[in-house]
Protein chains: 2
Amino acid sequence: MSTGVKHITSECNGALNAIRDTLYVLSGKWKIQVIVLLRDGPMRFNELQRSLVDITPKVLSKELRELEMNEFVERKVFNTVPVTVSYEITPYAATLNPIIDSLREWGTQHRARIIEHMKQDGKQPA
Amino acid sequence: MSTGVKHITSECNGALNAIRDTLYVLSGKWKIQVIVLLRDGPMRFNELQRSLVDITPKVLSKELRELEMNEFVERKVFNTVPVTVSYEITPYAATLNPIIDSLREWGTQHRARIIEHMKQDGKQPA
DNA sequence: GATACTGCTATCCTTTGGGATAGTAATATC
DNA sequence: GATATTACTATCCCAAAGGATAGCAGTATC
């Protein structure tokens, strides 16, 4: 108790660990974006690739595999010719909705706030 | 309308953009952790460094500068000897609480779920 | 005069994320 | 037989994130 670290209680550390866990499974530039897209319905590989404009197949493939491992996405192969593969979100992915919604809401108000700031700066030149 | 991209409406794109904005300002391994720590009260530089066990001063310094730029953290210098510097969160940082709370809650239930899965796997060996 | 404390900065190096390009199997179409 | 399609994989490469180590200014203490 002599280190100056006073309020790092177990409660605070538990929160930090839980947050780290969440950020770990959602890591990377694309996972949340894929989930948001799939919330509107299943999509095929090339469809996802076209929607996520700058993603390369290698990266998309890796993200989808990781999403599958975490039970956020289910991969379904159809025996058509040529083969088609469909990706859809699982019910478990819906548990991420509070996170996704809070991220979206905050981003929306943050952008509005920045635009407001810019307007005011414009009105008051040096 | 001939690309197979059907449900990428403006609403979906707006959501993606807002989410990208949020992830951008919270990017990196440490920013959310710093904010969580500071929610319990102001801390000094070395105090933060000791709490975030593996952070180096260079990285902590960079994170704090970026948090300051986004008005999440206020830096206060005290003319003591040797000089002390205190970091505290701003009211604007409190707007991140829904995000932080949803991340914490999800991480908590996810960990519980994984432990539950491991128990069940243990009960049913091949 | 050596050491310790604060709050950093500077330099170097490694790891990771992720982009670019090309190629594959199987079939269908021109 | 060349080309297109789907859903990828393989290889290479680059930039950014972030870790390791050292140092600095100013004062106080031993």
Side-chain angles (χ1 to χ4, degrees), chain A residues 2-6 16 19-20 22-35 37-38 41-70 73-88, chain B residues 2-6 16 19-20 22-35 37-38 41-70 73-88:
Chain A
S2 61
T3 57
V5 178
K6 273 174 290 198
L16 285 184
I19 289 168
R20 275 191 281 257
T22 304
L23 296 180
Y24 182 75
V25 300
L26 296 178
S27 67
K29 188 174 171 181
W30 302 105
K31 286 193 194 70
I32 293 179
Q33 297 189 51
V34 170
I35 291 170
L37 286 172
L38 293 182
M43 293 175 84
R44 285 180 296 136
F45 190 89
N46 284 345
E47 214 173 347
L48 283 166
Q49 198 187 338
R50 279 188 293 264
S51 299
L52 300 167
V53 180
D54 283 329
I55 202 169
T56 59
K58 180 188 93 173
V59 174
L60 177 55
S61 171
K62 196 201 71 183
E63 301 288 308
L64 287 170
R65 252 180 281 131
E66 291 174 9
L67 289 169
E68 239 194 303
M69 278 176 24
N70 282 306
V73 161
E74 192 180 351
R75 186 184 125 110
K76 289 183 176 166
V77 184
F78 294 98
N79 219 355
T80 56
V81 102
V83 63
T84 55
V85 180
S86 161
Y87 296 90
E88 55 187 85
Chain B
S2 61
T3 57
V5 179
K6 274 173 288 195
L16 284 184
I19 288 168
R20 275 191 282 256
T22 304
L23 295 179
Y24 182 75
V25 300
L26 295 179
S27 66
K29 189 174 169 182
W30 301 106
K31 287 194 193 66
I32 292 180
Q33 298 189 51
V34 170
I35 290 170
L37 286 172
L38 293 182
M43 293 175 83
R44 288 180 293 137
F45 189 90
N46 283 345
E47 215 173 347
L48 282 167
Q49 199 187 337
R50 279 188 292 264
S51 299
L52 300 166
V53 180
D54 283 328
I55 203 170
T56 60
K58 181 187 93 173
V59 174
L60 179 54
S61 171
K62 197 202 71 183
E63 301 288 308
L64 286 169
R65 254 180 280 131
E66 293 176 8
L67 288 169
E68 240 194 302
M69 280 176 25
N70 281 306
V73 160
E74 193 180 350
R75 185 184 127 110
K76 290 183 176 167
V77 183
F78 295 99
N79 218 355
T80 55
V81 102
V83 63
T84 55
V85 180
S86 160
Y87 295 90
E88 55 188 86

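Quantities reported herein were computed from a predicted structural model and do not represent experimental measurements. Computed over heavy atoms, backbone and side chain alike; hydrogens, waters and symmetry mates excluded. Naming: A, B, ... by sequence-line order, numbering from 1 per chain.
In this structure, the CD atom of A:Glu63 is 6 Å from the P atom of C:dG18, given to the nearest Å. Atom NZ in B:Lys58 sits roughly 11 Å away from atom P in C:dT11 (whole-Å rounding). Between A:Phe78 atom CZ and D:dT5 atom C1' the separation is 18 Å, expressed in whole Å. Atom NZ in A:Lys31 sits about 11 Å away from atom C1' in C:dG18, given to the nearest Å. Residue B:Phe45 contributes atom CZ, which lies 16 Å from atom P of C:dC5 at whole-angstrom precision. Remark: C1' of D:dT21 and CG of B:Leu60 are 17 Å apart, rounded to the nearest angstrom. Atoms CD (B:Gln49) and C1' (C:dC8) sit 10 Å apart, rounded to a whole Å. Per the geometry, CD belonging to A:Glu66 stands 13 Å off P belonging to C:dT16, to the nearest Å.
Shortest non-hydrogen contact noted between B:Glu63 and B:Ser27 is OE1-O, 4.3 Å. Closest non-hydrogen pair, A:Phe78 versus A:Ser86, comes out as CE1-CB, 3.6 Å. Closest non-hydrogen pair, A:Leu16 versus B:Gln33, comes out as CD2-CA, 3.7 Å.
In the helix from C:dG1-D:dC30 to C:dC30-D:dG1, the terminal helix axes, each the rotation mapping four pairs' C1' atoms onto the next four within five end pairs, subtend 30°, rounded to 10°.
Note: B:Asp54 CG to B:Trp30 CH2 = 5.5 Å, rounded to the nearest 0.5 Å. Rounded to the nearest 0.5 angstrom, B:Leu38 CG and B:Ser51 OG are separated by 9.5 Å. In this structure, B:Lys76 NZ and B:Glu88 CD are separated by 3.5 Å, a value rounded to the nearest 0.5 Å.
The side chain of A:Pro57 has D:dT9 as its nearest neighbour among D:dT9, D:dA7, C:dG19. Here C:dC8 is the nucleotide among D:dG19, C:dC8, C:dT6 with the atom lying nearest to any side-chain atom of B:Tyr87. Comparing atom distances between the A:Trp30 side chain and each of D:dT6, C:dG19, D:dG18 picks out C:dG19 as nearest.
Along DNA chain C, the nucleotide nearest B:Ser61 and the nucleotide nearest B:Asn46 are compared for position; the residue whose nucleotide lies closer to the 5' end is B:Asn46. Two residues, A:Val83 and A:Lys62, neighbour DNA chain D, and the one matched to the more 5' nucleotide by heavy-atom proximity is A:Val83. When each of A:Val59 and A:Pro82 is assigned the nucleotide of DNA chain C with its nearest heavy atom, A:Val59 is the one assigned upstream, toward the 5' end.
For C:dC8, the OP1/OP2 oxygens have a side-chain nitrogen or oxygen of B:Arg75 closer than 4.0 Å. A:Thr56 has no side-chain polar atom (N or O) that falls below the 4.0 Å cut-off from OP1 or OP2 of C:dT21. Close to C:dT9, at under 4.0 Å from its OP1 or OP2, lies a side-chain N or O of B:Arg65. Phosphate proximity of C:dC5 to B:Arg44: absent, as no side-chain N or O sits under 4.0 Å from OP1 or OP2.
By the 4.5 Å heavy-atom criterion applied to side chains, B:Tyr87 and B:Val73 are counted as neighbours.
A distance-only check finds no donor-acceptor pair linking the side chain of A:Glu68 to the backbone of A:Arg65 [under 3.5 Å].
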